[in-house]
Structures are given as C-alpha cells and as structure tokens.
Amino acid sequence: MNSKVAIGDLAIAGGQPAFTDPIHVGRPNIGNRERFLTRANEMLDRNWLTNRGPFVREFEQRVADFLGVKHCIATCNATVALEIAIRASGMSGEVIVPSFTFVATAHALQWQEITPVFCDIDPRTHCLDPEKVERMITPLTTGIIGVHLWGNPCAVDALSDIAGRNNLMLMFDAAHAFGCSWKGRMIGSFGLAEVFSFHATKFLNTFEGGAVATNDDALAAKIRLMQNFGFAGYDNVIYIGTNGKMAEFAGAMGLTNLENIKAMIECNQRNYRAYRRGLSGLTGVSLFAYDETERGNYQYVIVEVNEGLSGVSRDFLVEILHAENILARRYFFPGCHRMEPYRSYFPHAGLLLPETERVCRRVLALPTGTTISEEDIDRVCGVIRFVIENAETVQARLARQELALVH
Ligand code: T4K
C-alpha cells in the first residue's frame, strides 16, 4: 500500500502516485453484462433500433412504476428532456434557477431564449434557497426550476408554496436524483414535471439518456409529440417538435441497470460510509451529509474544503490529488453565472450569489462507484489526511519547489 509519511512521498513532490491508473468520479455503473448482451441480440434479431421500440416502452413503464408517476417519457439525454419539458410547459421570459448546477440546466432555458435568473443556494443543502427565490421574482418570471443536487432533494414544500402564491410553474432538474425520495415519496412526482439524466456517469445509465416524469396528462401528451417531431401518426404533424427519442440499445441498458439498482445503492452507500470514517475528525474537510432516513442513491461523494480551517485551498488539494491519479472534480465550478454566455450577459450576477461563490470555491467530488474499493477509499482519505495534517509543511515545500523551477 502506497501511504504517505513524508512530503517527498507525495507525487506532486516527486514521489510515487498513490494509484498507478487514474481513478474517476464517474465510472459507469454497469449491471449484468450477459443480460445486456442478450437484450442487444434480441434487439438486433428484431431489427428494431429506435422510434419507441419494445425496450424503450418497457423501460418507460418500469421507470414510471418505480417512481410512482403516471407518465415517463424516455429521451436521448436530460438536456433535450429539459428543453422539451420547458417548452411544453409554456415557460417564457425569465425562469429562476440555481447557478450552482451543471450548465445544462441554464442552457436548456437560454437555448430557447428564456432568461435563466440565477438564484443563490442554501449552503446546507446546496439547493435553491426558497427565501432568495422569492426575492428574484419579477413581472417577467414564469417559472422556477429547482435542481436536486447530488440527489439531495430541494425544499419542495417551500418552492411549491412560492410557485403557487405567485402563479409560477415549478419544475425540477432531477438529473442526479433517480432512486431518491423526499418525505418518503420518490422524486419524480413533484412540481409540473421532473427530469432525470441517464448519462453514463449517472446513478442509472443508458449510455446517454434521460426522461421526463410527470402526472400531468396534457403535458405528457405534448412532450411525447414534441420529442418525435410533432408526429401524431403517419404523415400527420400537428405540433412543432424535435428529435428527443431514446434509442433501443439505451432502453436495453436501462432495463438491465434497473435490475441492479439495489446492488448499486449498497455499493455507493458503503463507499460513502467508508469516506465518512476515513475523513472523520479532519479539520476543514467536511463530507456533504445525506439524510439517511430518505431513500438515496449516494452517487456523489462531496466534500467541502474550508481553507481557513484546513490550511489548504480546495484547488491546491485538487492539484495534489490529480498528481496521485485521484481525479477528484470541482463540480460545478465556477458556477453557471461565471460561464459564457451568462458571464457576459450578467457580469455582476455574483453579487447576489455569495453562498454559490463560496461553495463553488470549496466543493470537491471524490471518486466513488462500483469500480472503487474500500481499500481505494482508505488510500484516498490517507492522502487527504496527510496533506491537511501537514498543510504548512506541504505548502512550504511546494513553494520552494516552484521557486527552484523558476530559477
Ligand atoms: N442537469 C444536471 C444537474 C446535470 O448534472 C446534468 C449532467 C444534466 C442536467 C444534463 O444531463 P445529460 O444531458 O448529460 O443527460 C458529466 C456528464 O457529461 C454530465 O452528464 C453530468 N451532468 C455531469 C455532472 O458530469 P463531465 O464534464 O464531468 O464529464 P466527463 O467526461 O469529464 O466524465 C466525468 C468522469 O467520469 C471522468 O472522470 C471520466 C468518467 N467517465 C466518463 C464517461 C463519459 C467514465 O469513466 N466513463 C464514461 O463513459 O460531465
């Protein structure tokens, strides 16, 4: 086992990396390979590859049953699902969203010339702060899109109340939240609609894929039309639409991975607890805690690095970890408001987003998933612990090293 006992053992200082091969935050969760290959062969024998074939239909039904919703419309990815759901709902003008999210949430609005109005988050949940949402409402606001970040539910009650009182539409980007619950009810049935991602790196993957879940019959019918060019039957286009269909091989992967959910959760939860043990008592590094009384998928292991307490900045820690082949990620740095085109459109947005700015500087996603063992996690935690416990010496040594390089 490659453990660090002296500064020179750190790969950044010339030592052996903790891992020979890189370890990733988002290795795909892959269910029973034989089951998938059997389905792939069935699909090829059937010669039916897309346009809502039997696997996609079955996948939609299984997902709807699992979530306890009336409709699940499977799509080619979550970004297109968001775009279609937003358009079908009739959102326009301004829509309130967090800036602390993957940029797709904002792009899905801006793509159709709806202005994403960035609202600050609650630093405890990393989700929209309802009090601040209320302050962002203008006469142009038509909706709110909450993001259940890391699979941790938004303040659904408070947001529903605000939407109701202000006559706004409420939707959720549930890209991270498949298999998670809020107050015992599965995420998928809240607001007007909820959108899931089944991207390769997500808890449940269909290679690429997504879905809209809703209990609204009229909205579901509209979304179905829109995702298939507006076709209501052969040669009969009754609506503007796009191509948002899920392919059969994606449906086959989805069905296979649905059969494996229990094992995936157990593995993610075991990893999360291993990190909790490995990082416990460490000053300035706190693990984002999930509510274990709810159902969760534990797909993301998130820590916050508080430089004032740890003596090491998050970015310095990332450099050190990457040198060790531990590919931790700064999700979702630097925040949508600091990305184009939003940075140019709203150069001062950050003034209203103090918590987002602070959390963006602190958050780090650590490697987890079915390819990471408890021993790997012990090793990752060992590196982090060594760096934090020797913060001053590590900083001084690396500063000297940099100075030597300059001269
Ligand atoms: N809303 C939210 C809140 C989201 O997080 C996302 C997507 C969306 C909406 C939109 O959903 P989709 O339209 O994608 O369905 C990744 C994903 O590309 C993105 O889907 C995801 N969020 C985001 C959180 O993560 P990157 O830029 O981090 O991807 P990448 O290629 O750097 O991969 C991440 C890690 O996973 C790497 O360490 C490598 C590893 N990996 C990746 C792939 C694709 C593998 O080991 N195997 C793989 O096949 O965005």
Side-chain angles (χ1 to χ4, degrees), residues 19 21-30 63 73-86 95 97-111 116 118 121 125-128 145-154 171-178 180 187 193-213 227 242-247 249-250 253-254 257 268 297 299-302 318 321-322 324-336 339 356 359-360 363-372 376 380:
F19 293 87
D21 297 316
I23 58 165
H24 298 271
V25 293
R27 296 254 95 162
N29 297 325
I30 299 173
V63 170
I73 300 115
T75 59
C76 53
N77 60 53
T79 307
V80 167
L82 276 168
E83 286 167 9
I84 296 174
I86 288 165
V95 171
V97 286
S99 169
F100 190 54
T101 176
F102 189 63
V103 72
T105 322
H107 278 354
L109 290 162
Q110 190 63 51
W111 190 252
F118 296 121
I121 51 164
T125 63
H126 293 185
C127 295
L128 279 177
I145 300 182
V147 181
H148 304 300
L149 211 74
W150 324 130
N152 182 49
C154 287
M171 222 182 255
F172 293 99
D173 175 338
H176 298 184
F178 192 78
C180 304
I187 284 175
E194 304 210 58
V195 170
F196 294 97
S197 170
F198 303 130
H199 178 263
T201 59
K202 292 295 186 289
F203 171 63
L204 182 88
N205 92 78
T206 61
F207 299 94
E208 289 270 3
V212 185
Q227 77 151 179
T242 184
N243 182 354
K245 290 168 285 151
M246 175 178 272
F249 73 92
M253 185 67 152
N257 286 336
N268 282 350
N297 62 33
Q299 178 72 0
Y300 291 91
V301 170
I302 300 296
V318 169
L321 293 176
H322 280 206
E324 302 291 345
N325 272 333
I326 302 166
L327 301 188
R329 292 290 294 269
R330 301 185 300 175
Y331 289 146
F332 289 106
F333 183 80
C336 296
M339 294 176 177
T356 301
V359 170
C360 272
V363 160
L364 194 55
L366 296 175
T368 181
T370 42
T371 59
I372 305 287
D376 294 337
V380 173

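Worth saying up front: this structure is predicted, and the values here are computed from it rather than measured. Atoms within each ligand, like the ligands themselves, are counted from 1 in listed order.
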Counting from 1, what ligand 1 atoms have a heavy atom of T101 closer than 4.0 Å? 3 (C)
If you measure only the distance, is there a donor-acceptor pair under 3.5 Å linking the side chains of E208 and N77? no
Just heavy atoms, cut-off under 4.0 Å: does [X] contact ligand 1 by side chain, backbone, both, or neither?
X    : answer
T79  : both
F198 : neither
F100 : neither
A104 : side chain

Taking the side chain as C-beta and beyond, is there a heavy-atom pair between I302 and Y331 under 4.5 Å? no
Can you confirm whether I84 sits close enough to V212 that some side-chain heavy atom of one is under 4.5 Å from a side-chain heavy atom of the other? no
Applying the side-chain hydrogen bond (donor to acceptor under 3.5 Å, both in side chains) criterion to H148, which one of E194, H126, H176 satisfies it? E194
With rounding to the nearest 0.5 angstrom, report the OG1 to CG distance, T371 to N29. 8.5 Å
Looking at ligand 1, is there an atom of it that comes within less than 4.0 Å of some heavy atom belonging to [X]?
X    : answer
R329 : yes
W150 : no
D173 : yes
G210 : no
A81  : no

Ignoring angles and geometry beyond distance, decide whether S197 reaches within less than 3.5 Å of ligand 1 through its nitrogen or oxygen atoms. yes
For ligand 1, is there an N or O atom under 3.5 Å from any N or O atom of A78? yes
When you measure from [atom] to every protein heavy atom, which one gives the shortest distance, and what is it?
atom                    : answer
atom 33 (O) of ligand 1 : T201 CG2, 4.0 Å
atom 41 (N) of ligand 1 : G26 O, 3.8 Å
atom 25 (O) of ligand 1 : Y331 OH, 3.6 Å
atom 46 (O) of ligand 1 : R27 NE, 2.7 Å
atom 5 (O) of ligand 1  : H176 NE2, 2.7 Å

Would a search of protein heavy atoms around atom 29 (O) of ligand 1 find one under 4.0 Å away? no
Please determine which of W150, F332, F203 meets the ring-ring contact (aromatic ring centres under 6.0 Å, His included) test together with Y300. W150
Which option wins on minimum heavy-atom distance to atom 22 (N) of ligand 1: H199, H24, K202, Q299? K202
Looking at A200, A175, P28, the heavy atom closest to atom 47 (N) of ligand 1 belongs to P28
For T79, all residues meeting side-chain hydrogen bond (donor to acceptor under 3.5 Å, both in side chains), sequence neighbours excluded: none
